[in-house]
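Reviewing the structure listed below.
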Amino acid sequence: MAQYYIPRPFVYPGPMPMAHPPVDPLLISLTAQIDYYFSDENLIKDVYLKQHMDGQGWVPISLIAGFNRVKQMTTDIQIILNAVRASTLVELKDGKIRRRVGWTKWILPSMNHVGNLAVHVQNMGLEEGSSTHINRSSSGEITQSHSATSAGTFNGGESGHFAAPSTQRSLSKSGSF
């Protein structure tokens, strides 16, 4: 007797149950806290955190790990790193953390940039024949005086020079403008 193959219908067993990692309340809380530190709501007022950002918006993870609220939750750097990795707001690179998007608006200008800007503003509008003098008194007060001479017309159209009024202002002890 000859045997014939009779196909049987294939029964798909259904989707395999996916193994979800257990929800860790500490990880969720820690991620939320770190996200808050880098939120617009916090960064608008958090000068300390902004002062620690480098020119690319990065701060050391050790700085964040040293914040009191983070230390109250954990001192385990691996758990803190896992919380950062779980965040959609911040990113991690080479032991540093920053906002993923929009970090540029929170970078404070460097002191070199501020100093150069002050010199630029100081020199704005200075014309030939003008002078600026910066003096420091014995009490430490810094004053700046500016005087200028400009060509002018007076007495029925004769051309000549007249002295512009001298201006003087006091500056803070730090000497910033």
Side-chain angles (χ1 to χ4, degrees), residues 13-126 132-146 167-177:
M16 296 295 290
M18 295 188 71
H20 292 286
V23 177
D24 183 356
L26 173 61
L27 190 65
I28 292 169
S29 298
L30 195 52
T31 302
Q33 185 63 45
I34 292 169
D35 283 352
Y36 172 75
Y37 290 142
F38 288 88
S39 69
D40 288 340
E41 178 185 356
N42 183 60
L43 285 173
I44 201 163
K45 60 187 178 212
D46 193 338
V47 177
Y48 181 78
L49 183 56
K50 291 185 288 189
Q51 285 175 335
H52 284 85
M53 290 180 179
D54 67 13
Q56 299 296 308
W58 297 102
V59 296
I61 192 71
S62 59
L63 180 77
I64 303 303
F67 287 170
N68 286 334
R69 292 198 181 185
V70 172
K71 287 193 305 188
Q72 288 171 355
M73 291 183 211
T74 186
T75 56
D76 185 336
I77 193 70
Q78 286 306 313
I79 293 173
I80 296 168
L81 290 170
N82 289 340
V84 171
R85 289 181 189 112
S87 172
T88 58
L89 183 65
V90 296
E91 61 184 337
L92 179 68
K93 180 181 175 186
D94 299 328
K96 294 181 179 180
I97 179 177
R98 76 170 179 190
R99 282 178 65 126
R100 290 179 191 271
V101 178
W103 56 265
T104 55
K105 71 180 177 179
W106 302 112
I107 303 298
L108 296 177
S110 71
M111 290 312 291
N112 286 338
H113 176 73
V114 171
N116 292 338
L117 182 61
V119 169
H120 178 72
V121 169
Q122 178 183 1
N123 292 329
M124 282 178 53
L126 293 181
T132 299
H133 302 282
I134 299 174
N135 302 308
R136 183 183 300 257
S137 70
S138 60
S139 66
E141 181 180 8
I142 297 174
T143 58
Q144 175 186 18
S145 60
H146 175 76
T167 59
Q168 185 172 22
R169 63 181 178 172
S170 287
L171 306 171
S172 69
K173 224 176 186 181
S174 69
S176 58
F177 296 94

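All values below come from the heavy atoms of this structure, side chains included, with hydrogens, waters and symmetry mates left out.
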As an exercise, state the distance from CG of Asp40 to NZ of Lys105, rounded to the nearest 0.5 Å.
4.0 Å
Distance col, row Leu30:CG vs Ile28:CD1, nearest 0.5 angstrom, shows 11.0 Å
Are any side-chain N or O atoms of Thr31 and backbone N or O atoms of Leu27, one a donor and one an acceptor, separated by less than 3.5 Å?
yes
Please report the interatomic distance CG(Leu92) to CZ(Arg100), rounded to the nearest 0.5 Å.
9.5 Å
Over 12 foreign heavy atoms within 6.0 Å of CZ, Arg69
no
Side chain proximity check, Met53 to Leu108, heavy atoms < 4.5 angstrom:
no
Taking salt bridge (charged side-chain N to carboxylate O under 4.0 Å, His left out) as the test, write out the residues that go with Asp54, two or more places apart.
Lys96
How long is the gap from CG on Leu63 to CD on Gln51, to the nearest 0.5 Å?
11.0 Å
Quick check: do Asp46 and Tyr36 have side-chain heavy atoms less than 4.5 Å from each other?
no
Closest contact, heavy atoms only, Tyr37 versus Val70:
CE1-CG2, 3.7 Å
Side chain proximity check, Glu91 to Trp58, heavy atoms < 4.5 angstrom
yes
Residues passing the salt bridge (charged side-chain N to carboxylate O under 4.0 Å, His left out) test with Lys93, sequence neighbours excluded, are none
Looking at Gln56, is its backbone amide N or carbonyl O close enough to the side chain of Arg98 to form a donor-acceptor pair, meaning the two atoms are under 3.5 Å apart?
yes
Throw together a table of side-chain donor-acceptor distances under 3.5 angstrom for residues 79-90, partners on residues two or more places apart or in other chains.
{"residue": "Asn82", "atom": "OD1", "partner": "Arg85", "partner atom": "NH1", "Å": "3.1"}
{"residue": "Asn82", "atom": "ND2", "partner": "Gln78", "partner atom": "O", "Å": "3.3"}
{"residue": "Ser87", "atom": "OG", "partner": "Asp35", "partner atom": "OD1", "Å": "2.4"}
{"residue": "Ser87", "atom": "OG", "partner": "Leu89", "partner atom": "N", "Å": "2.9"}
{"residue": "Ser87", "atom": "OG", "partner": "Val90", "partner atom": "N", "Å": "3.1"}

For a quick test of reading the model, state the closest non-hydrogen atom pair linking His52 to Val59 and the distance between them.
O-CG1, 3.4 Å
Given side-chain contact (heavy atoms from CB on, under 4.5 Å), test Phe67 with Leu49 step by step and report yes or no.
CA-CA 10 Å; Phe67 287 170; Leu49 183 56; 4.3 Å; yes
